[in-house]
**Q** 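Below is the structure I would like to discuss, written out as structure tokens.
Quick note: residue numbers are just sequence positions, from 1. Side-chain atoms are counted along with the backbone in the values below, which use heavy atoms only and exclude waters and symmetry mates.
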Amino acid sequence: MASQYYQEMQESFKNNNKSREFPAHSAKVHSVAWSCDGRRLASGSFDKTASVFVLEKDRLVKENNYRGHGDSVDQLCWHPTNPDLFVTASGDKTIRIWDVRTTKCIASVSTKGENINICWSPDGQTIAVGNKDDVVTFIDAKTHRSRAEEQFKFEVNEISWNNDNDMFFLTNGNGCINVLSYPELKPIQSINAHPSNCICIKFDPTGKYFATGSADALVSLWDVEELVCVRCFSRLDWPVRTLSFSHDGKMLASASEDHFIDIAEVETGEKLWEVQCESPTFTVAWHPRRPLLAYACDDKDGKYDSNREAGTVKLFGLPTDS
């Protein structure tokens with residue numbers, strides 16, 4: 001029997017089954033993320049900029065474009081509790097912290113390599129950034145100075161704290177999840193999660209689970225306390241690039257080069273919905289308060305031309321015009 005939640009969400013998506021597209025950049029979008037209050041969506045792009053939108057009832061309104069990076073903005077994230085600050089990681093060997101109230105860069109911090117992944121600790125005090133040379137740098141969010149730097153002997157793909165802020169997780173190129181104590185950064189465990197490259201990792205808002213996505217096209221769901229795999233989701237055919245849990249922790253969106261985003265019910269693993277896409281999806285992010293999914297896809301032709309496909313962000317789950 002499908003749960004009541006399952007039926008309600010299916011009904012909701014049936015009624016709001018349109019994705020709306022909003023021009024954001026002049027080249028492909030690598031990363032989208034919501035502010036903690038859900039009022040704003042930020043996007044980072046190959047065009048070296050970040051954009052910030054304000055969410056109005058049924059649309060995104062572009063508020064600002066943030067320039068300053070000298071290379072592609074590969075990933076960005078917001079402060080966990082301050083809805084005015086976000087940070088961008090770029091291939092130009094810097095990270096930048098931005099304030100939407102002044103629309104200015106309040107800090108540019110140099111790092112040793114081309115940055116590809118970034119996350120903000122749940123307590124808001126530290127920013128971790130990983131580069132192409134598998135070095136993760138921990139930066140004090142107030143002083144903007146480096147607190148620690150770790151060189152890893154494996155390919156580091158994505159990084160994240162657990163919700164309690166006392167463990168630090170990395171996914172690696174050998175299919176493992178490495179768990180370190182925090183702030184000591186001492187190895188606790190290395191979990192053989194997948195037979196091939198383990199690409200992305202996300203923690204659910206309730207702190208019960210985390211999910212990883214792999215080059216084997218599988219998404220695995222893990223119990224945070226036990227560090228054991230609870231179930232796998234296997235509806236995608238291509239390497240899983242991006243994951244996001246809904247605000248209540250009950251849905252998990254995953255995407256790849258398949259031309260759809262899979263939305264699963266976390267507790268059963270069943271497919272709740274699929275969002276049709278015309279091209280591979282790089283990044284997905286559920287809104288922090290409602291069943292609204294932001295995502296960005298590759299340009300349809302793979303060319304950076306000026307058609308409106310390039311550099312758009314999309315929203316699924318908006319109320320359709322009555």
**Q** Return yes when atom CD of Glu225 has more than 12 non-hydrogen atoms of other residues, nucleotides or ligands closer than 6.0 Å, and no otherwise.
**A**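 Atom CD in Glu225 is not crowded, with 12 or fewer foreign heavy atoms closer than 6.0 Å.
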**Q** Using modelled atom types only, decide if a donor and an acceptor are shared between the side chain of Arg96 and the backbone of Ile106 within a distance under 3.5 Å.
**A**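 No; judged by distance alone, with no hydrogens or angles, the pair does not exist.
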**Q** Checking Gln7 against Glu11: is there a side-chain donor and acceptor pair closer than 3.5 Å?
**A**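 Judged by distance alone, the side chains do not pair up.
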**Q** Within the distance-only criterion (no hydrogens, no angle test), does the side chain of Asn82 pair as donor or acceptor with the backbone N or O of Asp84 below 3.5 angstrom?
**A**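 It does hold such a pair.
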**Q** Provide the closest heavy-atom pair for Ala255 versus Val284 in the form atom of the first, atom of the second, distance.
**A**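 It is CB-CG1, 4.1 Å.
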**Q** Tell me if a side-chain donor or acceptor on Ser246 pairs with a main-chain N or O of Pro291 at a distance below 3.5 Å.
**A**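 Between the backbone of Pro291 and the side chain of Ser246 there is no qualifying donor-acceptor contact (under 3.5 Å).
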**Q** Within the side chain of Thr171, is there an N or O that forms a donor-acceptor pair under 3.5 Å with the backbone of Cys198?
**A**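 Checked: pair present.
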**Q** Between Arg145 and Asp140, does any NZ, NE, NH1 or NH2 come within less than 4.0 Å of an OD or OE carboxylate oxygen?
**A**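 No, this pair does not count.
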**Q** Taking the cut-offs as 6.0 angstrom to the six-membered ring centre and 45 degrees off its axis, would you call Lys202 and Phe245 a cation-pi pair?
**A**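 No, Lys202 and Phe245 do not form such a contact.
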**Q** Go through the side-chain N and O atoms of Asn178 and Asn172 and say whether any donor and acceptor fall under 3.5 Å apart.
**A**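 Yes, Asn172 and Asn178 have a side-chain donor paired with an acceptor closer than 3.5 Å.
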**Q** Could you list the residues that satisfy salt bridge (Lys or Arg N to Asp or Glu O under 4.0 Å) with Lys93, not counting sequence neighbours?
**A**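 By the salt bridge (Lys or Arg N to Asp or Glu O under 4.0 Å) rule, Lys93 matches no residue at all.
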**Q** Describe, in one word, how the ring planes of Phe316 and Phe13 are oriented to each other, choosing from parallel (under 30°), tilted (30 to 60°) and perpendicular (over 60°).
**A**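 Phe316 and Phe13: tilted rings.
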**Q** Would you say that more than 12 heavy atoms from the other residues, nucleotides or ligands in this model lie under 6.0 Å from the NZ of Lys62, or not?
**A**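 Counting other residues, nucleotides and ligands, NZ of Lys62 exceeds 12 neighbours.
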**Q** Do the two ring centres, one from Tyr66 and one from Phe86, sit under 6.0 Å apart?
**A**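 Ring centroids of Tyr66 and Phe86 are less than 6.0 Å from each other.
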**Q** Would a 4.5 Å heavy-atom cut-off, applied to side chains only, mark Phe46 and Asp74 as touching?
**A**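 They are not in side-chain contact.
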**Q** Could you check whether Asn65 and Thr49, counting side-chain N and O atoms only, form a donor-acceptor pair closer than 3.5 Å?
**A**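 There is such a pair between these side chains.
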**Q** Return the orientation label for the Tyr182 and Phe168 ring planes: parallel under 30°, perpendicular over 60°, tilted otherwise.
**A**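 The rings of Tyr182 and Phe168 sit tilted, inter-plane angle from 30° to 60°.
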**Q** Using the ring-ring contact (aromatic ring centres under 6.0 Å, His included) rule, pick out the option among Phe169, Trp161, Trp222 that qualifies with Phe203.
**A**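 Answer to the ring-ring contact (aromatic ring centres under 6.0 Å, His included) test with Phe203 among Phe169, Trp161, Trp222: Phe169.
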**Q** Should the pair Asp99-Arg101 be classified as a salt bridge under the 4.0 Å nitrogen-to-oxygen rule?
**A**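 Arg101 and Asp99: salt-bridged.
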**Q** Could you check whether Lys271 pairs with Glu265 (Lys NZ or Arg NE/NH1/NH2 to Asp/Glu carboxylate O, under 4.0 Å)?
**A**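 Looking at Lys271 and Glu265, the cut-off is not met.
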**Q** Does a side chain donor of either Ser279 or His259 reach within less than 3.5 Å of an acceptor in the other side chain?
**A**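 There is no such pair between these side chains.
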**Q** Short question: side chain of Ser35, backbone of Pro83 - any donor-acceptor pair under 3.5 Å?
**A**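 A pair under 3.5 Å: no.
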**Q** Would you check if there is a donor-acceptor pair between the side chains of His30 and Thr283 at a distance under 3.5 Å?
**A**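 Checked: Thr283/His30 side chains show no N/O donor-acceptor pair below 3.5 Å.
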**Q** Please tabulate, one pair per line, all N/O donor-acceptor pairs under 3.5 Å involving side-chain atoms of residues 148-155, not counting sequence neighbours.
**A**
residue : atom : partner : partner atom : Å
Glu149  : OE1  : Lys112  : NZ           : 3.0
Gln151  : NE2  : Asp133  : O            : 2.9
Glu155  : OE2  : Asn197  : ND2          : 3.2

**Q** Side chains of Thr111 and Thr137 only: does a donor on one sit below 3.5 Å from an acceptor on the other?
**A**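 Distance-only check fails for Thr111 and Thr137.
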**Q** Testing the 3.5 Å rule here: is there a donor-acceptor pair between the side chains of Asn17 and Trp273?
**A**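 Trp273 and Asn17 do have a side-chain donor-acceptor pair below 3.5 Å.
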**Q** Judged by modelled atom types alone, do Gln276 and Glu274 share a side-chain donor-acceptor pair under 3.5 Å?
**A**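 Their side chains do contain a donor-acceptor pair, which is all the 3.5 Å distance test asks for.
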**Q** We want to know whether Glu267 and Tyr209 form a side-chain donor-acceptor pair, criterion being a heavy-atom distance below 3.5 angstrom.
**A**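 Yes, side-chain donor-acceptor contact under 3.5 Å.
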**Q** If only side-chain N and O atoms count, and only distance matters, is there a donor-acceptor pair under 3.5 Å linking Tyr295 with Ser244?
**A**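 No, Tyr295 and Ser244 have no side-chain donor paired with an acceptor closer than 3.5 Å.
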**Q** Looking only at side chains, do Arg147 and Thr126 share a donor and an acceptor under 3.5 Å apart?
**A**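 Present: a donor and an acceptor within the cut-off.
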